[in-house]
*Asks:* 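Structure below; questions to follow.
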2 protein chains.
Amino acid sequence: MAETTRAVGHDELATLKLLALDGAIEGERKASCSTIADRLGASNQTASRRLQGLEEADMIDRDIVGDGQLLRITESGEQALQREYADYRRIFERSVGVTLTGIVTSGMGEGRHYITLPGYMKQFIEKLSYEPFAGTLNVDLVDESVRKRARLSAFEPITIEGWEDEERTYGPAYCYPASIVAGDSEYEPAHVIAPERTHHDEDQIEVIAPEKLRDVLDIDDGDEVSIHVAEQ
Amino acid sequence: MAETTRAVGHDELATLKLLALDGAIEGERKASCSTIADRLGASNQTASRRLQGLEEADMIDRDIVGDGQLLRITESGEQALQREYADYRRIFERSVGVTLTGIVTSGMGEGRHYITLPGYMKQFIEKLSYEPFAGTLNVDLVDESVRKRARLSAFEPITIEGWEDEERTYGPAYCYPASIVAGDSEYEPAHVIAPERTHHDEDQIEVIAPEKLRDVLDIDDGDEVSIHVAEQ
DNA sequence: ATTACTAAGCACCGAGTAA
DNA sequence: TTTACTCGGTGCTTAGTAA
């Protein structure tokens, strides 16, 4: 396991939130310590240290360019903000689950190949308490859900460890408990499965379950399904 | 104007969030410094100080009862949390406006009386840039919107000052710019108007506009309307 | 103009203690 | 048990300075 990243304090998190409000999640943003200091109500030395701290904690990437710096929030920075967001949603909303919507589609059969590998399958049985059907349900997320998908990073996933054989290494994956709704039918248990290293703005999602979801839910390519990932 | 309350630091805000997660917005919650200290990852002296600070800042009410304390988040405490929540919504959602839904209803004609008083009317014309129709549209909010209504407190309102004549005093009110949707019609400009001191869980809302909304939107008692309060 | 180092001051933290 | 005070020690903040 890699060295766990240095934790950030609440002051640093507030600085990170400020950068996020400027759009530093979507891409690089130019800023200077003094402008940040003004908005924080602190000295620019403090702003400088906050940014250094966030960089040390791997929450931002920085390029110092003479008349300021180019800042970008990293994936773990976004996750920290998503966790905060989830807290506030839990405070002010009834439920904090995430419901993702999309269209059933045919993947390239990769999912089937990977999940049936013994190195993964053994962990599924142990950690998910069922033996998954040998295939994944691929779902093309609608635009709104592509964005909502990032909320998953605020949840505590079930971690499937990576492993390796003589030929190559197989990366870790995260599983999120979910229920799948299609029309009037709902199926549980199921899990959203995602590789540890996921691209930003991923527009597809894969689901595993003990049975063949296409059969038990009577769905096929082009049908709409909802994937409800439960709180905790 | 009353003495503006002492500002809270980010550490204190995090403590307030913790209490909110325990449900201290809805009602009184029992807690002790040591349990809070554990969850904060700090000493109970620090927890004690945080609670003192939050009380000083008028964000919580406390009753110390020997084997702990009874804590309740005040309205300004909830507002501070709503402002944070609004920040995170702005980061992760496309829009941070609030859309409230409800049913048109007949008020008791109080609104009409108050808004036509010269002490208020003069300010409306000056601050809203229109002369309101002499009456308010009363809307009974649906349950979900009763809760969402609290989000308004995160927005910057247009403040209508209170005043007094020989007989009595008239309290201040807040106006929030809004557009009103009924069926396929949308009307703008309009403002949600709320007295400064509002009860928790208020289930009705009043709207003013330059024209008689019942006429221009062709609505009557029992019709559903949406009130979109814009960002900023 | 930047960022960031160093050093002085001060505010915060937590142990001990009292009520 | 509690909460909250006092009091050292420490670490954070800011001013000044360098690059």
*Asks:* Are A:Phe92 and B:Tyr85, when compared by the centres of their aromatic rings, separated by less than 6.0 Å?
*Replies:* yes
*Asks:* Counting side-chain heavy atoms from CB outward, which of D:dT3, C:dA4, C:dT3 is closest to B:Ile64?
*Replies:*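 So the nucleotide nearest the side chain must be D:dT3.
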*Asks:* Kindly say whether, by distance alone, the side chain of A:Gln45 makes a donor-acceptor pair under 3.5 Å with the base of D:dA15?
*Replies:* yes
*Asks:* Does B:Lys122 have more than 12 heavy atoms from other residues, nucleotides or ligands lying within 6.0 Å of its NZ?
*Replies:*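 No, NZ of B:Lys122 has 12 or fewer neighbouring heavy atoms, counting only those of other groups under 6.0 Å.
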*Asks:* Between B:Glu56 (CD) and D:dT3 (C1'), how many Å, whole number?
*Replies:*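 My rounded result for the distance is 15 Å.
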*Asks:* Any side-chain N or O of A:Gln69 less than 4.0 Å from the OP1 or OP2 oxygen of C:dT3?
*Replies:* yes
*Asks:* Do we see a donor-acceptor contact under 3.5 Å between the side chains of B:His191 and B:Tyr174?
*Replies:* no
*Asks:* Select one nucleotide: of C:dT3, D:dT3, C:dC5, the one nearest the side-chain heavy atoms of A:Gln52.
*Replies:* C:dC5
*Asks:* Between D:dT14 atom P and A:Asp11 atom CG, what is the distance in whole Å?
*Replies:*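 Going from A:Asp11 (CG) to D:dT14 (P), I get 10 Å.
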*Asks:* Heavy-atom nearest nucleotide on DNA chain D for B:Leu51 versus A:Thr46: which residue maps closer to 5'?
*Replies:*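 Its nearest nucleotide lies further toward 5', so the answer is B:Leu51.
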*Asks:* Can you check the A:Asp63 CG to C:dT3 P distance for me, whole Å?
*Replies:* 13 Å
*Asks:* Rounded to whole Å, how long is the line connecting atom CG of B:Leu70 with atom P of D:dT2?
*Replies:* 14 Å
*Asks:* Starting from P on C:dA7, measure out to CZ on A:Arg49 and report it in whole angstrom.
*Replies:*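 The answer, rounded to whole Å, is 16 Å.
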*Asks:* Find the distance B:Asn44:CG to C:dG14:C1' and express it as a whole number of Å.
*Replies:*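 About 9 Å, once rounded to whole Å.
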*Asks:* Just the rounded figure in Å: distance from P of C:dA1 to NZ of A:Lys30.
*Replies:* 15 Å
*Asks:* Looking just at side-chain N and O atoms, do A:Gln69 and A:Asp63 make a donor-acceptor pair shorter than 3.5 Å?
*Replies:* no
*Asks:* Does the side chain of B:Arg50 get closer than 4.0 angstrom to OP1 or OP2 of C:dC13 through an N or O atom?
*Replies:* yes
*Asks:* Counting only side-chain nitrogens and oxygens, does B:Ser48 get under 4.0 Å of the OP1 or OP2 atom of D:dA4?
*Replies:*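 Yes.
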*Asks:* Counting just side-chain N and O atoms, does A:Ser43 come under 4.0 Å of either OP1 or OP2 of D:dA15?
*Replies:* no
*Asks:* Return no unless some side-chain N or O of A:Ser34 is found under 4.0 Å from OP1 or OP2 of C:dT2.
*Replies:* yes
*Asks:* Do A:Thr136 and A:Glu206 have side-chain N/O donor and acceptor atoms under 3.5 Å apart?
*Replies:*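 There is such a pair between these side chains.
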*Asks:* Rounded off to whole Å, could you give me the NE2-to-C1' distance for the A:His10 and D:dC12 pair?
*Replies:*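 Value for this atom pair: 16 Å.
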